[in-house]
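In what follows, every heavy atom counts, from backbone to side chain, and hydrogens, waters and symmetry copies are set aside. What you see is a predicted model, and the numbers here were worked out from it, not measured in a lab.
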Amino acid sequence: SSSSSTTTSTSTTTSTSSLYPSLISSIASLYDAKIHLPSKPDFSDHRKNYEPSTPLGEEIMKYIGVLGAPITLAEYMEICLRDEQYGYYTNPPVMGDHDDEEKNDFDYLQQGRGHRLIGKAGDFTTAPEISQIFGECVTIWLLTQYEALGKPSRIQLVELGPGRGTLMCDIVRSARGIKGCGEDFIRALAGDSSSSSSSSGSSG
């Protein structure tokens, strides 16, 4: 009997963790404060110095209340990042007043969901967004590895989590400006078979 109960518990956890954000919102909509979380603190009470609640935080609490059980960290992160209305990467853009410098920023020009996350006007920044020097340094390393591999005629350069693609743009731009190896590198990225002949010619 213990093994059967363990199996039941595991299957329940798996099915709960794989719920899509839209379904989670539907479950949260069933929330009734008197039934599900009667002892839930009033986070709007400033006298108790609670951290201000957020719409997404309220939705998660409602979801847990209706579910009647804890949720996994994976499920929590899925909701925070992908919730259709409040998710970090999926929430609608908020366009406010920006100075001229920010209006020229790629983030401002990008229309759609989940933009304005990276850069001066965003929530965080990364080395490629600060200076092109980072991409240029990476380019030198890539060309060194490319030569060590014998300058193959076809290569793939894959960046996981490219953001706006700034690093990749800096790499391509830098490589194009380096005669010989850099030019062969770009042709190999494009899958141009003429890179091999170019390499042999340059080495001669």
(message) Has Glu183 got a side-chain atom pairing as donor or acceptor with Gly180's backbone, closer than 3.5 angstrom?
(response) yes
(request) For residues Tyr146 and Asp184, report the shortest heavy-atom separation together with the two atoms involved. (result) OH-O, 3.3 Å
(message) For a side-chain contact (heavy atoms from CB on, under 4.5 Å) check, start with the C-alpha distance between Leu56 and Tyr88, then their side-chain angles and the critical distance, and finish with the verdict.
(response) CA-CA 10 Å; Leu56 181 58; Tyr88 186 75; over 6 Å; no
(request) List, by chain and number, the other hydrophobic cluster members for Leu160, where Ile, Leu, Val, Met, Phe, Trp and Tyr join if side-chain heavy atoms come within less than 4.5 Å, directly or indirectly. (result) Val158
(message) I'd like to check the side-chain contact (heavy atoms from CB on, under 4.5 Å) partners of Leu149; sequence neighbours left out, ordered by chain and number.
(response) Pro152
(message) Working to the nearest 0.5 angstrom, can you tell me the gap between Leu167 CG and Thr139 OG1?
(response) 7.5 Å
(message) More than 12 heavy atoms of other residues, nucleotides or ligands under 6.0 Å from CD of Glu159: yes or no?
(response) yes
(message) Which residues pass the side-chain contact (heavy atoms from CB on, under 4.5 Å) test with Val172, not counting sequence neighbours?
(response) Arg176, Ile186
(request) State the CD-OG1 distance between Glu78 and Thr72, to the nearest 0.5 angstrom. (result) 9.5 Å
Residues 126-138 side chain polar contacts: donor-acceptor under 3.5 Å, at least two apart:
{"residue": "Glu129", "atom": "OE1", "partner": "Arg164", "partner atom": "NE", "Å": "3.4"}
{"residue": "Glu129", "atom": "OE1", "partner": "Arg164", "partner atom": "NH2", "Å": "2.2"}
{"residue": "Glu129", "atom": "OE2", "partner": "Arg164", "partner atom": "NE", "Å": "3.4"}
{"residue": "Glu129", "atom": "OE2", "partner": "Thr166", "partner atom": "OG1", "Å": "2.8"}
{"residue": "Ser131", "atom": "OG", "partner": "Ile133", "partner atom": "N", "Å": "3.1"}
{"residue": "Gln132", "atom": "NE2", "partner": "Glu136", "partner atom": "OE2", "Å": "3.0"}

(request) Would you give the length of the straight line joining atom CG of Leu143 to atom NZ of Lys151, rounded to the nearest 0.5 angstrom? (result) 9.0 Å
(message) Rounded at 0.5 Å granularity, tell me how far CE in Met168 sits from CG in Leu189.
(response) 8.0 Å
(request) Go through the steps for Phe185 and Ile178 under the test side-chain contact (heavy atoms from CB on, under 4.5 Å), then give the verdict. (result) CA-CA 10 Å; Phe185 179 78; Ile178 300 176; over 6 Å; no
(message) For Tyr50, give me all partners under ring-ring contact (aromatic ring centres under 6.0 Å, His included), at least two apart in sequence or on another chain.
(response) Phe43
(message) For Ile64, give me all partners under side-chain contact (heavy atoms from CB on, under 4.5 Å), at least two apart in sequence or on another chain.
(response) Ile60, Ile71
(message) Using a 3.5 Å distance criterion without hydrogens, assess whether the side chain of Arg154 forms a donor-acceptor pair with backbone atoms of Gly191.
(response) yes
(message) Could you tell me if Glu58 and Tyr86 have a donor-acceptor pair between their side chains, going purely by distance under 3.5 Å?
(response) no
